[in-house]
Number of protein chains: 2
Amino acid sequence: MTNNHAHQDGDNATLTIDGSEEAAAPAPSKRRLESRKRILAAARKLFVERGYHATRPQDISKLAGVGHGTFYLHFADKFDCFLSFAEDASAELEAFIEEHLADVNTLDEGIREVLKAIFEFSAENAGVLAAALTDINVLATGETDKKMPVDRWAEQWADIVRKWSEEGVAAADVDPMFAGHFIVGIIRQGGAYAHRAGIDQAEAIEKMSRAITRTLRPNN
Amino acid sequence: MTNNHAHQDGDNATLTIDGSEEAAAPAPSKRRLESRKRILAAARKLFVERGYHATRPQDISKLAGVGHGTFYLHFADKFDCFLSFAEDASAELEAFIEEHLADVNTLDEGIREVLKAIFEFSAENAGVLAAALTDINVLATGETDKKMPVDRWAEQWADIVRKWSEEGVAAADVDPMFAGHFIVGIIRQGGAYAHRAGIDQAEAIEKMSRAITRTLRPNN
DNA sequence: GTTGAATCTGACAATTTGTCAACATTCAAC
DNA sequence: GTTGAATGTTGACAAATTGTCAGATTCAAC
């Protein structure tokens with residue numbers, strides 16, 4: 001728990017080694033990055049398969065093919081590892097969505113495309129989304145400089161809603177930040193329900209996009 | 001993990017002791033119920049304060065004033081205890097909301113009252129709501145006969161929406177089950193954001209109820 | 001008071017987490 | 001190619017936690 005080697009600045013791959021805070025340390029070696037990558041891949045697999053409770057650091061390091069102590073050189077503890085997994089998954093989802101939004105302009109089309117991308121991502125990465133968007137504060141309380149993936153996502157939606165509002169596409173009385181969070185809530189809950197209930201994807205997308213557009217533009 | 005003494009049927013206080021499945025065992029004694037109650041109270045406090053990761057069974061039993069082994073007489077493990085805590089909290093919230101819905105008839109008024117009740121409950125039980133509604137599957141996978149609190153809640157909303165739909169208060173094209181989940185998503189996400197951002201309660205309620213009514217009744 | 005069932009306790013076994021000295025690998029300078 | 005410093009890893013073992021259960025305590029019935 002006092003091991004400083006695992007101290008990281010968010011997603012930035014640059015390590016800041018304690019005792020030399022003025023100068024950024026050189027980029028980590030290929031080997032180090034490879035080890036970290038393998039650990040995270042193993043962690044992802046196990047967190048999704050077994051859940052947080054039953055996943056042990058020793059299982060992660062074994063599956064990753066690294067020594068048990070290596071786990072602690074990269075992460076402070078299981079929670080820290082989970083957080084990185086969640087952040088990585090969240091970033092992947094965001095990138096995935098960006099690709100699908102490249103040629104989209106209208107609000108309706110945009111929402112529909114995002115939902116499609118989310119379902120597609122979920123199909124290829126079963127269980128990852130729920131983990132990525134879980135309430136981190138339920139797992140561990142206290143100050144963390146890392147922003148929860150779900151909040152980051154909601155803020156991105158807020159930016160989009162703000163833009164739509166300026167273009168007159170979304171209603172003027174819509175609070176972008178709240179709207180961003182509502183959209184995330186609808187997607188999280190609706191998506192989880194659709195998946196669990198085995199509901200047809202097209203149907204789910206239809207219903208979710210309708211609900212979302214209605215919160216943004218009531219006269220629909 | 002093979003200790004059958006902690007085998008429980010949901011919330012029902014009646015124990016079924018293995019080996020005598022045909023006959024229900026007598027109700028647990030006051031002492032047993034008292035111990036369980038104390039353990040759950042301690043668990044609640046610690047899960048909320050420290051989060052799941054940092055809460056240890058030994059801390060729970062100590063705070064509860066019972067022996068360390070007593071914890072395992074009541075719960076299979078930490079997760080099992082968490083699940084019971086979440087279920088209890090969820091049931092409390094539901095009861096709290098019921099009280100506040102007693103004299104309510106219109107859709108708008110109903111939603112507003114529910115939101116008020118939720119904020120009130122959250123103020124008196126900081127952190128409990130998030131824990132109660134968290135994604136259990138992220139903590140532990142596998143078959144469980146217990147329904148997630150958040151799903152139960154969404155289903156109750158679905159019943160309400162169904163009723164509103166029949167009365168022509170909610171739009172006919174609204175799918176009650178999806179709507180129930182959307183409402184829960186909006187409340188969860190919107191409530192968490194409002195709390196974290198220190199937003200005025202009246203403002204939050206206004207924005208959340210507006211979003212909810214718009215998903216149910218677009219011409220608003 | 002005695003009996004026996006129910007329930008609890010905490011010592012200890014079993015398991016897991018976390019540490020770090022020793023070792024292995026990499027890489028730049030020569 | 002060799003050298004030596006820097007970096008990264010390993011797994012034995014210390015420390016901590018989880019889980020078990022023989023013995024202790026409680027309580028209701030007689």
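Remark: Arg188(B) engages Asp135(A), Gln189(A) in a side-chain hydrogen bond (donor to acceptor under 3.5 Å, both in side chains) (not counting sequence neighbours).
Of all nucleotides present, only dA22(D) satisfies the Watson-Crick or G-U wobble test against dT9(C), with each distance under 3.5 Å. Here dC30(D) sits opposite dG1(C) as a Watson-Crick or G-U wobble pair (both hydrogen-bonding atom distances under 3.5 Å).
The aromatic rings of Phe85(A) and Phe47(A) sit parallel, their planes meeting at an angle under 30°, below the 60° perpendicular limit. Ring orientation note: the planes of His181(B) and Tyr193(A) are close to parallel, at an angle under 30° on the 30°/60° scale. The aromatic rings of Tyr72(B) and His68(B) stand perpendicular to each other, their planes meeting at an angle above 60°, with 30° marking the opposite boundary.
Across dT18(D), dG11(D), dT9(C), the shortest atom-to-atom separation from the side chain of His68(A) is found for dG11(D). The Arg31(A) side chain lies nearest to dG8(D) when the options are dT7(C), dT18(D), dG8(D). Distances from the side chain of Tyr72(B) to the nucleotides dG8(D), dG19(D), dT7(C) place dG19(D) closest.
Between the P atom of dG19(D) and the CG atom of Asp80(B) lies a distance of 11 Å, rounded to the nearest Å. Following rounding to the nearest Å, Arg38(B) (CZ) and dC8(C) (C1') show an atom-to-atom distance of 11 Å. At whole-Å resolution of the value, CG in Leu33(B) and P in dA6(C) are 15 Å apart. One can place CZ of Phe71(A) at 12 Å from P of dT19(C), the figure rounded to the nearest angstrom. The nearest whole Å value for the distance from the CZ atom in Arg36(A) to the P atom in dT9(D) is 12 Å. Computed from coordinates, the Ile39(A) CD1 to dG8(D) P distance equals 13 Å when rounded to whole Å. Between Arg32(A) atom CZ and dT10(D) atom P there is a gap of 12 Å when expressed in whole angstrom units. Here dT26(D) presents its P atom at 15 Å from CD of Glu34(B), a figure rounded to the nearest Å.
Within 4.0 Å (heavy atoms only), Thr70(A) reaches at least one base atom of the nucleic acid.
When each of Lys30(A) and Lys78(A) is assigned the nucleotide of DNA chain C with its nearest heavy atom, Lys78(A) is the one assigned upstream, toward the 5' end. Residues Val66(A) and His53(A) each lie close to DNA chain D; by heavy-atom proximity, the contact nearer the 5' end of the strand is made by Val66(A).
More than 12 non-hydrogen atoms from other residues, nucleotides or ligands lie less than 6.0 angstrom from CD of Gln58(A).
Regarding contacts with the backbone of dT7(C), a side-chain N or O of Ser29(B) is found under 4.0 angstrom from either OP1 or OP2. Residue His74(A) has a polar side-chain atom (N or O) positioned under 4.0 Å from OP1 or OP2 of dT9(D).
Listed by residue number, the members of residues 58-65 of chain A with any heavy atom below 4.0 angstrom from DNA chain C are Gln58(A).
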(message) Test side chain to side chain contact (heavy atoms under 4.5 Å, CB included) on Val128(B) and Glu92(B); report intermediate values, then the result.
(response) CA-CA 10 Å; Val128(B) 169; Glu92(B) 277 175 44; over 6 Å; no

(message) The test is side chain to side chain contact (heavy atoms under 4.5 Å, CB included); show your working for Arg152(B) and Ser90(B) and say whether it passes.
(response) CA-CA 9 Å; Arg152(B) 221 167 41 227; Ser90(B) 181; 4.0 Å; yes

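With hydrogens and angles ignored, the 3.5 Å screen pairs a side-chain donor or acceptor of Thr215(B) with a backbone N or O of Ile212(B).
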